Number of protein chains: 2
Amino acid sequence: MQRPADTPAKKPSRIQTRNRRRILEAALDVFSVEGYRGATLDQIAQAAGLSKPNILYYFDGKEAIHVTLLNAMMETWVEPLRRLDPEGEPLDELLRYIRRKLEMSREYPRESRLFANEIVQGAPRMRPHLEHGLKPLVDEKAALIARWVDEGRLAPVEPRHLIMSIWATTQHYADFEAQIAVLMPEGDVWDDAAAHVEGMFRKLLAPEAG
Amino acid sequence: MQRPADTPAKKPSRIQTRNRRRILEAALDVFSVEGYRGATLDQIAQAAGLSKPNILYYFDGKEAIHVTLLNAMMETWVEPLRRLDPEGEPLDELLRYIRRKLEMSREYPRESRLFANEIVQGAPRMRPHLEHGLKPLVDEKAALIARWVDEGRLAPVEPRHLIMSIWATTQHYADFEAQIAVLMPEGDVWDDAAAHVEGMFRKLLAPEAG
DNA sequence: CCGGCTTTTGACCATTTGGTAAATCCACGA
DNA sequence: TCGTGGATTTACCAAATGGTCAAAAGCCGG
């Protein structure tokens, strides 16, 4: 059997799980800074502490690694949005979402940049996932937000553009970290960012009092 | 003379200006989609309608083209920020800046993505420019905004994070266009974006009435 | 401690890619 | 019109890169 990876026939051995994890970890490092085409199997192999042919023993090729990474990551990436609770208090729900999203930018900047690279370059390997995985979720949550607005529990706002703004502002701190490192004075960038972003969206979303 | 490009000794011939322009135009197309390492001289050559060696006749190499593009672009890119007028009405000035920035995302998405690619990947070829070109300008304008806040002419806001938010939200529409194309319903995305972004920052920045 | 599997490696390949050298083409002013 | 310098092409490299293959090495239940 050539690809123990994809065939779910047998349970993967301990070595397999360990090495696959190592490879994905290394690949995340490399892909997230070099982009897909910029990354090389040699880089990944070296970062993983394995030989290049050995990596190709575990994955069907460079693209397979990339796709595996993107898919695995998209799950956790949209999780916070999925958690938007239709039963909750609208403003609380959205602010919690925003905080969580910013946290993820801080904790998983590599994942964010992996994604950013893919999208900036036209999402060549991810468009299907965007259409069938992300779009329905965004449609659903946009409808929810629209409902909240209709009910007067949120200030009027275009739901999809709100979501874009949240993504843009939060992910910016991960994706453009190189720029931020240059422009921001030393200090609690992340704390200030949290305060700023939360305050901004609170003002945007708070329904008119009275 | 090998490099009529860099040596300012003689005025460039008509052919030179034409071909250099062509090359840069083609390179912008390619680099903005593929990133630096993803782009190939063959792609650029083909897009420019020139042969590869001919391209290397006009530029010292792949990197020289990229750097030329980045530098040329940075000028126009920060121009709107430079225009923030200390004498103007703060809210008007900032909203005008925001509108202009969004306009530029619409008119020059390739430039925006070229820049995004470079920064996401750690700004390997642009850090000096960021430090010596962009940082002083941001420092200056951040101080200006801080002054406006102190004078009570803007709602309290952390100036640098405000600037980041403006960049994030406006450039997002260019940089993540592939995603937006999937998620947004057909229609005037740009008009809605303008309304949304302007409204958002107006709420954020408007000083307390009274 | 053996036999059969999983895993790993060294050698190798074809293609791509950035770049070069020299020959050729061509525009244009004297 | 003709020579000359700028512009262009043809024919190449050498290195990098994704990937293959068969042999070697390790691992592990019996």
Side-chain angles (χ1 to χ4, degrees), chain A residues 1-27 29-31 33-69 121 124-125, chain B residues 1-27 29-31 33-69 121 124-125:
Chain A
M1 191 152 298
Q2 263 291 94
R3 306 163 343 196
D6 290 354
T7 41
K10 303 268 174 175
K11 65 226 147 166
S13 78
R14 225 173 293 111
I15 292 184
Q16 286 205 16
T17 23
R18 172 174 55 89
N19 281 355
R20 275 180 68 90
R21 202 190 310 276
R22 269 193 198 174
I23 292 169
L24 289 174
E25 179 66 19
D29 269 349
V30 178
F31 279 130
V33 295
E34 307 281 355
Y36 177 71
R37 294 210 50 192
T40 74
L41 284 180
D42 292 288
Q43 280 176 293
I44 296 172
Q46 181 168 359
L50 298 174
S51 68
K52 185 168 62 172
N54 202 7
I55 280 188
L56 293 171
Y57 171 73
Y58 287 103
F59 286 89
D60 271 351
K62 186 183 176 181
E63 185 160 357
I65 303 177
H66 195 238
V67 168
T68 302
L69 269 181
Q121 303 189 359
R125 266 165 290 281
Chain B
M1 188 152 298
Q2 263 291 93
R3 308 164 339 199
D6 289 354
T7 41
K10 303 270 172 171
K11 66 225 145 170
S13 77
R14 226 173 292 109
I15 292 184
Q16 286 206 16
T17 23
R18 173 175 54 91
N19 281 355
R20 276 181 65 90
R21 203 190 310 275
R22 270 193 198 174
I23 292 169
L24 289 175
E25 178 67 19
D29 269 349
V30 178
F31 279 130
V33 183
E34 309 279 356
Y36 178 72
R37 294 211 50 192
T40 75
L41 284 180
D42 291 291
Q43 280 176 295
I44 296 172
Q46 180 168 0
L50 298 174
S51 67
K52 184 168 64 174
N54 202 6
I55 280 188
L56 292 170
Y57 172 73
Y58 287 103
F59 287 90
D60 271 351
K62 185 183 178 182
E63 186 160 357
I65 304 177
H66 195 238
V67 169
T68 303
L69 269 181
Q121 303 190 359
R125 267 165 289 282

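Given the structure is predicted, the values throughout are model-derived calculations rather than measurements. Letters A, B, ... are given to chains in the order of the sequence lines, protein chains preceding strands, and every chain is numbered from 1.
Applying the side chain to side chain contact (heavy atoms under 4.5 Å, CB included) rule to E63(A) yields the partners Y36(A), V67(A), R125(A); only residues at least two apart in sequence or on another chain are considered. Residues meeting the side chain to side chain contact (heavy atoms under 4.5 Å, CB included) test with R18(B), sequence neighbours left out: I15(B), R22(B). With sequence neighbours excluded, no residue forms a side chain to side chain contact (heavy atoms under 4.5 Å, CB included) with V33(B). T40(A) is linked by a side-chain hydrogen bond (donor to acceptor under 3.5 Å, both in side chains) to Q43(A), counting only residues two or more places apart in sequence or in another chain. With sequence neighbours left out, S51(B) forms a side chain to side chain contact (heavy atoms under 4.5 Å, CB included) with P53(B), N54(B).
The interatomic distance linking R18(B) (CZ) with dA7(D) (C1') rounds to 10 Å, in whole Å. Rounded to whole Å, the distance from CG on N54(B) to C1' on dA21(C) is 15 Å. Going from atom CD1 of I65(A) over to atom C1' of dG19(D) covers 12 Å, rounded to whole Å. Atom pair Q46(A):CD and dG18(D):P shows a separation of 14 Å (rounding to whole Å applied). To the nearest angstrom, P of dT15(C) lies 18 Å from NZ of K62(A). For the pair Y57(B) OH and dT20(C) P, the computed distance is 15 Å after rounding to whole Å. Atom CG of L50(B) is separated from atom C1' of dT10(D) by 16 Å (rounded to the nearest Å). When the P atom of dA11(D) is taken as reference, atom NZ of K52(B) falls 14 Å away, rounded to whole Å.
Across all their heavy atoms, V30(B) and A47(B) have their closest contact at CG2-CB, 4.5 Å.
Rounded to the nearest 0.5 Å, atoms OH (Y57(B)) and CG (N19(B)) are 10.0 Å apart. Between the NE2 atom in H66(B) and the CZ atom in R37(B) there is a gap of 12.5 Å [rounded to 0.5 Å].
Here S51(B) does not reach the OP1 or OP2 of dT8(D): none of its side-chain N or O atoms lies under 4.0 Å away. In terms of phosphate contacts, Q16(A) brings a side-chain nitrogen or oxygen within less than 4.0 Å of OP1 or OP2 of dT7(C).
With DNA chain C read from its 5' end, the first of the two nearest nucleotides for N19(A) and E63(B) is the one closest to N19(A).
A side-chain contact (heavy atoms from CB on, under 4.5 Å) with F59(A) holds for exactly one of I44(A), I23(A), L41(A); it is I23(A).
Paired regions of DNA chain C, where each region holds three or more successive Watson-Crick or G-U pairs whose two hydrogen-bonding distances fall under 3.5 Å, are C:1-30 with D:1-30.
Within residues 34-44 of chain A, the residues having any heavy atom under 4.0 Å from DNA chain D are, by residue number, A39(A), T40(A), L41(A).
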Pairs under 3.5 Å (N/O, protein and nucleotides 22-30 of chain C):
none

Every protein N/O lying under 3.5 Å from an N/O of nucleotides 21-26 of chain D:
none

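Residue pairs meeting the salt bridge (Lys or Arg N to Asp or Glu O under 4.0 Å) criterion with at least one partner in residues 39-51 of chain A, sequence neighbours excluded, are D42(A)-K52(A).
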